[in-house]
Amino acid sequence: MPEPTQPTTGDEVTEINPDADIAPVDIGVPDVAEGEKLLEVDEVTLRFGGVVALNEVSFHINKGEILGLIGPNGAGKTTCFNVMTGVYQPTSGAVRYLGKPLGKRKKFQITKLGIARTFQNIRLFANMTALENVLVGVDAHHSTGVVSAMFRLPKHRREEAQGFARAMELLTFMGLDGKANELARNLPYGDQRRLEIARALATSPQLLCLDEPAAGFNPAEKVKLMELIRTIRDQGYTVLLIEHDMKLVMGVTDRIVVLEFGRKIAEGSPAEIRDNPAVIAAYLGVDEEDAS
Amino acid sequence: MQNLIDNFFSYTITGLTIGAVYALIALGYTLVYGVLRLINFAHSEVFMYGTFAALWVVMILGGHPGAGVGQVIFWVAMMFVAAMAMSGLIAVLLERVAYRPLRKRNAPPLIALISAIGASFVLAEIMGLRSRIVGWVGLDDTLRDYVRNSRNNAGLPTIIQPQPIFTIGGYHVTNVDIFVIVGAIVIMVILDQFVKRSRLGRGIRAVAMDPEAAALMGVNRDRVIQVTFLVGGVMAGAAAVFYMLKIGITRYDAGFILGVKAFTAAVLGGIGNLRGALLGGFVLGLAENYGSAVVGSQWKDVVAFVLLVLILLFRPTGLLGESLGKARA
Amino acid sequence: MRSTLKFAVPLAVAALALGACGTKGGDTTTPAASGGAAACGNYKIGMFGALTGPNANLGIYIQNGVNLALDDYNKKHADCKVTLENYDSQGDPTQAPALAKKAIDDKKVVGIVGPAFSGESKAADPAFNEAGLVTITPSATNPKLADNGWKTFFRALGNDATQGPAAAKYIKDTLKSTKTFVIDDASEYGKGLADIVRQDLGSQVVGNDTIQQKQTDFSASVTKVTSSGADALFFGGYSPEAAPMIKQLRDAGWKGTFVVADGVKDQSFIDNAKEAAEGTIITCPCVPPDVAPAFQAAYKAKYNEDPNTYSGEGYDSATILLDGIAAGKDRASMVDFVKAYDKKGVTKQLKFDAKGESADIKVFAYKVENGKIVSVGEIK
Amino acid sequence: MSTTTSAPAGRKPSSRSFKERVDTMPRAVKIVLWVVFAVFLFLLPLLNIPFITTEGSDFGGVLFTVATYVLVALGLNIVVGYAGLLDLGYVGFYAVGAYTVGVLTSEHAHLSWVLVVPIAIVVAMVSGVILGAPTLRVRGDYLAIVTLGFGEIVRLTLVNSQWLGGAQGISDIPKPPGVELFKVPSLDWSAGVPVVDLSTTSTFLKFGINDFVPYYWLALGIIGLVLLFDILVKSSRVGRAWEATREDEDAAELMGVPTFRFKLLAFALGAAIGGLSGALFATKAGFISPDSFQLLLSILFLAAVVVGGAGNRWGVIVGAIVVGYFPERFRDFADFRVLVFGLALMLLAIFRPQGLLPPRRTVRAKRADDRQAVLEEGEASA
């Protein structure tokens with residue numbers, strides 16, 4: 001992975017095109033009604049050797065909401081993400097998705113079921129173009145193999161055409177359509193962040209998990225990002241947001257879950273969380289750093 | 001199989017002796033891999049130069065069979081000095097010429113491997129063409145004994161006559177066997193302590209753990225890398241002496257197979273792990289010998305590689321895991 | 001991409017310029033030809049074998065012999081010299097066919113000494129056969145080579161099938177070994193030979209092992225040999241493995257007799273095995289050098305060392321071809337000339353049977369004594 | 001390869017890159033250029049161009065060897081260049097292909113060549129899967145040593161299995177069936193200018209013992225097919241999955257790429273092409289033995305890929321030509337060939353680490369990086 005390039009100076013915030021149609025395509029998983037449980041984390045414990053990274057954490061995500069997952073550094077937010085996306089297997093407890101436990105599914109299988117994510121430290125395919133990055137995501141639900149590629153069978157051509165259209169739509173939505181053929185590593189920092197989201201959206205997830213998408217952003221960019229997240233939700237996605245910046249989280253989420261030292265300490269609406277003494281205690285001293 | 005059971009101790013002791021040589025060479029791979037994440041493909045040549053240095057110094061000193069104890073000790077000591085110096089020098093040179101320029105340019109690891117392969121060819125061929133090279137400078141008559149038929153074997157006179165010291169299960173353990181196995185372990189212990197306790201050793205571990213943090217803490221990375229190569233080279237030099245005492249014959253391309261084996265030993269034990277190299281070397285030496293006893297010597301290398309695949313399947317980080325960076329080293 | 005373009009044009013120009021030089025260089029050979037007598041064919045003989053690379057020693061020993069024969073010839077025929085064309089295959093069968101084609105296309109080449117190894121012979125000989133270019137190999141000993149019906153194939157030494165039984169006979173009759181261990185190196189030569197010895201010795205073989213070429217540590221084999229109680233060990237293979245093997249055997253205290261074949265008849269075996277080589281028995285279908293003292297003296301004078309493995313065979317092979325040239329033969333008529341050849345050479349009576357094998361094969365036993373290989377007589 | 005085509009375009013100086021210029025050419029011109037280039041390649045062994053033609057060894061034979069190197073490099077490029085898997089035992093697959101042909105046409109059966117080549121490809125592919133399935137889960141550097149071991153295991157098995165001919169190898173591998181269509185004359189330069197030499201000809205597709213040119217033509221045709229295959233597959237979902245896996249295996253997996261499956265696919269396809277190349281080699285040589293499949297060859301193959309520029313099919317072709325051709329062209333160096341080769345590898349690694357013809361992405365990235373560097377340096381506007 002190359003080092004993320006310098007954060008942008010702020011004067012060149014890429015505008016998104018909220019009109020682009022980026023609604024999730026049908027990927028063959030059962031649909032869940034608005035407001036029903038989409039994913040449920042049930043008493044999940046994760047141990048590394050002697051260290052307890054997650055301790056009986058339980059919460060759930062409803063279809064169509066924006067759920068914030070917050071907590072001080074080392075609270076286990078990303079670890080929680082990793083359990084949900086199959087990077088780690090929980091020591092005990094289960095993650096249920098669409099009512100069924102994820103079990104020992106592999107990472108790519110979970111993605112195919114409709115859970116996609118971005119990374120705290122950007123992990124794009126640095127030496128591929130922006131378009132190719134998104135295409136890899138779109139490809140998740142394609143099945144073209146060597147044979148159909150070799151003979152340019154109708155299936156291949158159909159999938160390539162659809163994939164290309166979908167990828168361009170996503171890039172347009174993110175305002176990156178003009179940079180489709182740039183290598184990912186050469187994009188400005190903000191664009192890289194947005195490209196990561198586009199790549200995740202390309203897999204048509206039911207649940208989109210964003211891991212600190214605002215890291216390294218200036219206030220103006222953060223405002224844009226809030227808009228973006230809301231638009232994504234409005235297009236029919238459910239969003240799980242890990243974020244450090246309280247202001248951002250309060251402004252955009254419907255509900256918030258707070259972790260500390262691998263344990264859930266609070267859950268509720270932004271207003272409830274704001275007044276929760278346990279949360280305030282946990283964040284004491286961290287607030288200043290955040291404000292900067 | 002019956003043969004293996006009947007001569008179990010014989011196969012075991014001889015397997016341990018060659019295993020000791022593997023282990024010492026494996027250290028060089030493991031150390032360099034630890035700090036650079038790089039397979040030092042040319043390390044086998046570092047070893048090969050050591051064998052020649054050990055051989056030449058005995059030739060210069062007029063080593064011959066049947067000398068007194070004092071003289072033999074002197075010869076062997078000089079072998080160590082010469083081989084360690086030569087191998088250490090070649091290793092440092094290698095780092096300067098083949099790796100440092102690449103590091104300065106941030107070349108991808110694959111390129112470092114190509115450079116290493118190139119360096120390996122160059123070093124081996126210089127040795128293989130030494131008769132031509134000294135011919136150019138007109139020294140071929142003076143150095144005739146050292147260079148003649150430079151593509152051929154070069155043999156060491158038997159300066160230590162193997163003497164049975166004690167017998168175990170029908171096998172007469174000789175002084176050479178004991179010297180090689182005990183010597184290798186002693187050298188390993190010294191190295192282990194060096195890495196654990198000395199300032200330079202801590203530097204090696206720091207760079208292995210996190211090069212950038214080490215740099216921030218004021219560790220001079222280039223110097224550490226150089227020392228790592230030097231230490232690896234010196235270990236290969238020691239291995240070369242043991243090898244010459246046990247096998248007695250070397251050649252310009254003798255390093256290649258041995259290098260591959262030693263690298264296998266390093267991976268077997270868990271690359272980056274010093275004790276892993278020791279264990280890997282001994283395990284490989286034993287497995288090869290036992291395998292040769294059961295299925296025939298022609299399958300020796302096959303046994304070694306199949307063992308490697310099996311170990312990696314069940315323990316993907318080798319027997320002891322990777323850990324030059326972690327405190328265990 | 002851009003940089004490629006920049007280089008493209010100068011490269012093309014350079015190629016043309018140098019190309020022109022190359023052509024001129026090629027031309028000079030033709031006028032030079034007129035220097036000799038009118039009837040002179042400016043013939044060449046080819047030396048086909050490993051002259052560089054890891055297997056080069058054998059090729060160079062042969063080439064030394066061939067050069068000696070050429071010197072003799074050119075001294076006598078100063079007005080019409082024959083030159084040597086080298087086809088350096090590095091002993092690699094992959095390179096052999098293209099080199100063979102090169103030799104075939106050079107119409108001045110009337111005969112080939114080689115190919116030196118059996119593998120490259122198999123790869124190149126079909127082409128020589130088709131082109132009718134005669135080959136006399138001084139060193140490829142695989143018996144099957146003669147069974148291909150190649151009319152251009154001749155062999156100036158005995159094949160493995162003649163040597164193997166002699167070695168077995170020596171072990172049985174002269175050494176009076178009752179327990180023999182047989183090791184081979186899995187090479188075409190070594191295994192072929194060892195298998196014949198195994199077969200001839202029958203039940204007195206107490207153990208077998210196969211090693212790998214380039215192996216240096218023979219501890220497993222050593223244990224097998226010592227534990228078998230063998231009083232003799234036959235090794236089918238070459239000196240690079242034979243030297244460390246006997247050294248390690250002696251280090252382990254084995255006292256039996258080490259018997260090897262012509263692949264080990266090489267001073268380097270003694271140089272490397274040193275004391276351990278003493279007493280080793282070497283069988284070889286080659287006449288002891290004292291049979292042809294003149295050749296030995298000439299060789300020593302020119303190369304400052306004794307004739308080595310196959311030097312004599314190289315000399316003989318070249319001599320046959322040179323005699324053919326002297327008799328006015330060209331490439332087409334050379335085959336019949338060689339077929340009918342019958343003269344005494346430095347190694348043996350040079351005469352071939354219908355398959356191209358040497359008709360007169362005697363296997364001799366040699367022994368390493370005081371750092372020298374000395375003959376102990378023919379094995380009859 | 002593209003160096004040669006660039007010659008006509010190279011006359012007008014321009015700041016645009018070669019690629020751009022070719023792209024903007026009219027389609028008809030492009031086709032004509034390609035045809036000219038193809039005809040040139042076809043005739044190359046018979047043109048006897050001075051300086052290029054090897055003096056010490058038959059040029060047709062050398063070109064065939066170079067062609068097998070090119071084929072091998074294309075196959076290995078899928079494994080190393082696209083999927084990013086370090087394979088040091090590629091010669092194993094080459095051997096499997098060659099021996100399949102040897103065993104089925106000469107040693108144990110006498111099947112037709114046309115039938116055997118596809119079998120050889122399949123057998124090589126299966127061996128790739130068998131090797132890859134257990135080992136592709138281990139880390140990259142370990143994979144290098146495991147594959148190296150595989151190459152040695154194959155060779156040692158060949159040496160020690162009498163069923164496979166042992167050290168003696170397999171001889172009398174039949175020639176492929178040919179059709180004699182027309183004769184192609186060669187050029188003779190001995191007068192200083194090229195003269196058409198009607199007495200030295202090669203017959204189009206007559207596979208004889210003493211004329212290697214038809215084998216070269218066969219190899220050229222196969223290279224064309226493999227290239228086409230490579231282009232088509234690389235520009236599909238499969239190619240993207242390989243690249244994504246190479247770039248960041250975990251991220252790729254989390255984007256729904258079954259990375260293991262794609263790595264195995266790359267391994268199998270690479271093995272298949274290696275097997276095909278080996279089958280061609282066996283066909284032309286007529287005789288194969290374990291000596292032809294030394295470990296060193298694996299290293300040369302890898303060198304071809306990396307020297308040329310791993311990941312760029314045109315680059316690896318250039319690399320293969322360098323590795324296959326130069327040692328034959330400069331036979332005069334004889335003893336020093338390996339030494340010079342080693343030095344060349346080191347110099348290349350130091351001064352041109354991205355390879356002679358790096359993949360476009362690297363070039364593109366470099367250009368963009370340079371632009372960024374300029375921007376960062378000062379107020380200079382791009």
Side-chain angles (χ1 to χ4, degrees), chain A residues 1-2 5-6 82 85-87 106-113 115-119 122-129 132-152 156 159-160 163 181-188 196 199-200 202-205 209, chain D residues 78 81-82 84 125 225-226 228-262 264-266 268-269 272 310-312 354 358-373 375-376:
Chain A
M1 280 302 296
T5 32
Q6 308 288 318
N82 282 335
T85 49
V87 177
K106 300 215 168 64
K107 287 172 267 185
F108 73 91
Q109 288 167 326
I110 292 173
T111 308
K112 283 190 179 180
L113 283 175
I115 302 178
R117 65 172 289 179
T118 64
F119 300 89
I122 299 175
R123 291 178 76 172
L124 287 166
F125 306 127
N127 286 315
M128 296 171 79
T129 62
E132 285 168 340
N133 266 280
V134 181
L135 277 174
V136 169
V138 181
D139 282 338
H141 300 290
H142 286 170
S143 59
T144 303
V146 173
V147 177
S148 41
M150 191 163 72
F151 296 106
R152 289 293 189 251
H156 166 84
E159 286 188 354
E160 285 290 304
N181 287 321
E182 289 277 341
L183 288 194
R185 62 195 281 185
N186 295 330
L187 293 175
E196 256 211 334
R199 183 178 68 174
T203 66
S204 287
C209 306
Chain D
I78 294 180
Y82 296 166
M125 193 187 273
L225 287 178
V226 170
L228 188 68
F229 168 83
D230 184 63
I231 291 170
L232 291 175
V233 172
K234 174 73 195 309
S235 64
S236 76
R237 166 174 175 261
V238 178
R240 287 191 293 270
W242 284 334
E243 285 208 285
T245 308
R246 180 195 64 210
E247 292 292 314
D248 187 334
E249 192 167 339
D250 284 333
E253 183 98 351
L254 285 164
M255 290 305 130
V257 179
T259 52
F260 176 71
R261 221 178 288 164
F262 276 101
L264 196 58
L265 180 68
L269 288 180
N312 179 1
Q354 70 276 49
R360 236 180 36 239
R361 57 182 154 79
T362 325
V363 177
R364 260 188 343 222
K366 178 133 184 27
R367 220 185 297 150
D369 284 348
D370 291 347
R371 214 159 51 204
Q372 207 162 22
L375 276 176
E376 275 165 19

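Chain identifiers are assigned alphabetically (A, B, ...) following the order of the sequence lines, protein sequences preceding nucleic acid strands; residue numbering begins at 1 within each chain.
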Ion pair check, A:Arg152 and A:Glu160, cut-off under 4.0 Å: no

Non-neighbouring partners of A:Thr118 that pass side chain to side chain donor-acceptor pair (under 3.5 Å), sequence neighbours left out: none

All salt bridge (charged side-chain N to carboxylate O under 4.0 Å, His left out) counterparts of A:Glu196, not counting sequence neighbours: A:Arg199

A:His156 versus chain D, the contacting section by heavy-atom distance below 4.5 Å: side chain

Segment of A:Thr85 engaging chain D (4.5 angstrom heavy-atom cut-off): both

D:Arg240-A:Asn133 side chain donor-acceptor pair, cut-off 3.5 Å: no

A:Thr144 and D:Val238, any side-chain heavy atoms less than 4.5 Å apart: no

Residue part contacting chain D, namely of A:Val87, when any heavy atom lies under 4.5 Å: side chain

Heavy-atom pair count under 4.5 Å with chain D, highest-scoring of A:Leu135, A:Val138, A:Ile115: A:Leu135

Under 4.5 Å from a heavy atom of chain A, the part of D:Leu228 involved: neither

